[in-house]
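Letters A, B, ... are given to chains in the order of the sequence lines, protein chains preceding strands, and every chain is numbered from 1.
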Number of protein chains: 2
Amino acid sequence: MGTITIKDVAKLCGVGVSTVSRAINNHPDINEETKTKIMKVIKENNYIPNNSARNLKRSNSKMIAVLIKGISNPFFSKMIKVIEEETQERKYSFLLHRVEEREDEIDIALELVKEKKLRGIIFLGGYFTHSEEKLSQLDIPYVLCTVGITGKWSKELCSFVAVDDFKESYKIVDYLCKIGHKRIAIITTSLDDTSIGLIRYKGYLQALRDNNIEPDMKLVRSMKDDIETFTMDNGYVVMKELLESGEDFTAVFAISDSIAIGASKAILNAGKSVPEDYSVAGFDGLDIASYYNPAITTIRQPVDEIAKAAVTILFDVIKKKADHQMCVFPGELIIGQSTKLI
Amino acid sequence: MGTITIKDVAKLCGVGVSTVSRAINNHPDINEETKTKIMKVIKENNYIPNNSARNLKRSNSKMIAVLIKGISNPFFSKMIKVIEEETQERKYSFLLHRVEEREDEIDIALELVKEKKLRGIIFLGGYFTHSEEKLSQLDIPYVLCTVGITGKWSKELCSFVAVDDFKESYKIVDYLCKIGHKRIAIITTSLDDTSIGLIRYKGYLQALRDNNIEPDMKLVRSMKDDIETFTMDNGYVVMKELLESGEDFTAVFAISDSIAIGASKAILNAGKSVPEDYSVAGFDGLDIASYYNPAITTIRQPVDEIAKAAVTILFDVIKKKADHQMCVFPGELIIGQSTKLI
DNA sequence: TTGTAGGCGTTATCAG
DNA sequence: CTGATAACGCCTACAA
């Protein structure tokens, strides 16, 4: 049944290909009657336009892409939904593309831009350490949404929206201090990993110091790199090890809720209790944090607002209504039952 | 800087386009020297081939797609990873595409097949109620992986791999009966929804009857359709309502772990205890089920095996090593601390 | 080993 | 309003 093309449809209808094209694309200059006739033939013969050919020829595509690193992260689920809604509202279509941990998001973006004639990109998650030269290759608007960035940041290149990881991390650790904890452990990424984990770790350090607590490296624990990072499994293993080390501490700050839950379970399985024996705090404000038992004290990131802002900014830039901007949202300290006054 | 094409590269190198093409595609008939020279120019000028043009021309693509309905479902996360690995091992590439709840997966598949010249498809999740006529349009091998299907099933069309939802549902409800529960509630999809929920509900009914328990419709609760289904939120709300109804029951079977966790939290928030006051059972065997406190009794679906089987079968069919097949995996009853003998 | 030319299925630009 | 026809960027015979 050799795949049917626009030519076949044209022949079947006794019209030219351009007329068929007009019918498919809701072009105004076309007789309603011929249009309905064409659409009928299309339906009957199950004609489906070839997107590759379309993309090849088309110049403006009304399509943006979301490149997401860590697609299994539940933190992104709601974001995707919001981004999708907001995009649809603007009559654009939306392509979700996952990028693997070791892949270079810029390379993928470059490829996609060519292939799909994208108008804009939202990067979700991951960590940006690309050279300006590399970034400047990407000549369409893009915004970095909750992606980690190091050092210098040129506002000309792209927008950025996220919470201030340092500040929020500081906030929750400061809270732990204020309710009396002095021996506060942290479960973070490995310290030579220049990621979001490093920033949160720095917030932790600063909070301790400002509360006159000398950081103790024996309480600084890194996720295992032979287990997927930012998972409950990882949190569990690290916490188990910490408990078995016999180190003295009364609270632990896990840099994500998943890790916090893994850590909590390790404590419970050791026959101890949260928060009676150990207070546990997380980060992100996932649904599961509040559903867990005990509910995890955490920093809620305003995902909806963040996602909305990302889309708004992106389209403002696309439509040249505004320049790129840096948009930092406040997180909210959610006090659950996993932490207690000491 | 008008996007650079293969022609430009050819000109820059002083060779023909076919030579450049050969270089890019690792074609054998090419002088190593000219090849390295070409690759150098490509790197220097950041040339990126246009995939649309490639797909348009190409006939066989060594690419499969995974169409996934409910991408935020953590149940699929591990599957995706496994599928990806297995696909890579076979030197194929792999395209992940999410389909929205209301979208028709077959239409999307058809489109993708044309656009990308796919060799095979794995459908993940969702529910198939398409006519044979529609299905037969999809003329490449595909396998349904943990997707619900109704009634008749023609094995010629495609493969199917999943657990037996009826049997597994029966298994866990039977377990509840065997440990002494007689008033067992269920939280499922709405009963006129012909989905996987219906099948699990039927398993529940059968288990009750086989244990000489008369089903009580007052204990059959449906998820709210104004809240996203299969979520903790939904489980929470439904359970809260059930508790407040004053209905007498000692156990509840939630047809997914997320729902079970929401339900558990509702019980806890009502000042009751799991499992002392109410036993709670789930379905799926998500990580969080075992990490929850108390660990949720559930049916663990062997996700790795399921995903592996899906890929294996798909490639067997692609390579014509085998016909389509129906592959049913056993689930495993995982007994947590959320259920107790009565 | 390399270059030339035709075509993949559409859309866009023209004339009619 | 409609129909040829030239791109779009690449691959692949076919020729050299």
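Identified under the ring-ring contact (aromatic ring centres under 6.0 Å, His included) test for residues 65-124 of chain A, with sequence neighbours left out: Tyr92(A)-Phe315(A), Phe123(A)-Phe128(A), Phe123(A)-Tyr142(A).
One interatomic measurement links the two molecules: CZ of Arg58(B) to C1' of dC10(D), which rounds to 10 Å at whole-angstrom precision. Rounded to a whole Å, the CG atom of Asn26(B) is 12 Å from the P atom of dC11(D). Here dT11(C) presents its P atom at 10 Å from CG of Asn55(A), a figure rounded to the nearest Å. For the pair Glu111(A) CD and dC10(D) P, the interatomic distance rounds to 12 Å; values are reported in whole Å. If you measure from atom CZ of Arg54(A) to atom C1' of dA12(C), you get 14 Å, rounded to the nearest angstrom. Remark: P of dG9(D) and CD1 of Ile4(B) are 12 Å apart, rounded to the nearest angstrom. Lys7(A) has its NZ atom 10 Å from the P atom of dT10(C), to the nearest Å. Separating the NZ atom of Lys114(A) from the P atom of dG9(D) is a distance of 8 Å, rounded to the nearest angstrom.
The two atoms that bring Ala10(A) and Val20(A) nearest to each other are CA-CG2, 3.7 Å, heavy atoms only. Contact between Thr146(A) and Met79(A) at its shortest, heavy atoms only, is CG2-CE, 3.7 Å.
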At a cut-off of 3.5 Å, list every protein nitrogen or oxygen paired with a nitrogen or oxygen from nucleotides 2-6 of chain C, distance to 0.1 Å.
unit_1: dT2(C); atom_1: OP1; unit_2: Thr34(B); atom_2: OG1; d: 3.3
unit_1: dT2(C); atom_1: OP2; unit_2: Asn31(B); atom_2: N; d: 3.0
unit_1: dT2(C); atom_1: OP2; unit_2: Thr34(B); atom_2: OG1; d: 3.1
unit_1: dG3(C); atom_1: OP2; unit_2: Gly16(B); atom_2: N; d: 2.6
unit_1: dG3(C); atom_1: OP2; unit_2: Thr19(B); atom_2: OG1; d: 2.6
unit_1: dG3(C); atom_1: N7; unit_2: Ser18(B); atom_2: OG; d: 2.8
unit_1: dG3(C); atom_1: N7; unit_2: Arg22(B); atom_2: NH2; d: 3.1
unit_1: dT4(C); atom_1: O4; unit_2: Ser18(B); atom_2: OG; d: 3.0

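If you find the closest nucleotide of DNA chain C to Pro28(B) and to Ser59(A), the one lying nearer the 5' end belongs to Pro28(B).
Scanning for side-chain hydrogen bond (donor to acceptor under 3.5 Å, both in side chains) contacts around Asp304(B) gives an empty result, with sequence neighbours left out.
When the nucleotides dC10(D), dT11(C), dT10(C) are ranked by their closest atom to the side chain of Asn50(B), dC10(D) comes out on top.
Within 4.0 Å of Ile38(B), counting heavy atoms only, lies no atom of the nucleic acid at all. In this structure, Asn25(B) reaches the sugar-phosphate backbone alone: every heavy-atom distance under 4.0 Å involves primed, P, OP1 or OP2 atoms, never a base.
Side chain of Lys69(A) to main chain of Glu105(A): no donor-acceptor pair is present (N/O by atom type, distance under 3.5 Å, no hydrogens or angles).
Under the 4.5 Å side-chain criterion, counting only non-hydrogen atoms from C-beta, Asn45(A) is not in contact with Val9(A). Counting heavy atoms from C-beta outward, Glu115(A) and Asn55(B) have side chains that approach closer than 4.5 Å.
A sub-4.0 Å separation between OP1 or OP2 of dT10(C) and a side-chain N or O of Asn51(A) is absent.
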